[in-house]
Amino acid sequence: MDIRIGHGYDVHRLCEGRALILGGVQIPYALGLLGHSDADVLLHAISDSLLGACGLGDIGQHFPDSDPAYKGADSLVLLRQVVALVQKSGYRVGNVDATVIAQKPKLMEYLPQMQKNIAGACLVDPQRINIKATTEEKLGFTGSGEGIAAHSVALIFSA
Ligand code: MG
């Protein structure tokens, strides 16, 4: 069995007049994330960890933010395309472990739906997808509420 691991990290700025979408879930909040696509920072970190595991670069190379095709793009659709690339490379998703770093809002109640959405896109059982949320104790740009960050590690394998 060939097993590979990848890491992903992403940050988006919070601003007014945008929806807050994390893990494919629209979360009621006064601010949303700024970006060319829907700016789903969690799905971007997960996509990057999967591409990294495959040795396929990052989502910026596959879905450039200079391309009007990806304006307002649903990042769950992009994640499905990334998983198709994983499969094309001869691998399947083993598991994903990701953390969203946000001072606000509280994300706990939305984590199960995020897990379900991501498992669906990754074509795996939800138990293979672990999503966590934490604050950074009011420190730095996440702590001040300027932005939200996400980290992800993913394991892929070929049987
Ligand atoms: Mg991004």
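In this text, all values refer to a predicted model and were calculated from it rather than measured experimentally. In each ligand, atom 1 is the first atom listed, and ligand 1 is the first ligand listed.
What you find for Asp48 and Gly8 is that their closest heavy atoms are CB-CA, 3.9 Å.
For His44, the N, O or S atom closest to the Mg ion (ligand 1) goes by the atom name ND1. Nearest N/O/S atom of Asp10 relative to the Mg ion (ligand 1): this is OD2.
A donor-acceptor pair is defined here as one N or O able to donate and one able to accept, closer than 3.5 Å; such a pair exists between the side chain of Asp38 and the backbone of Ser75.
Below 30°, between 30° and 60°, or above 60°: for His151 and Tyr9 the angle between ring planes is between 30° and 60°, a tilted geometry.
Using a cut-off of 4.0 Å between Lys/Arg side-chain N and Asp/Glu carboxylate O, Asp97 and Lys132 are scored as salt-bridged.
The Mg ion (ligand 1) lies at 2.8 Å or more from every N, O or S atom belonging to Asp40.
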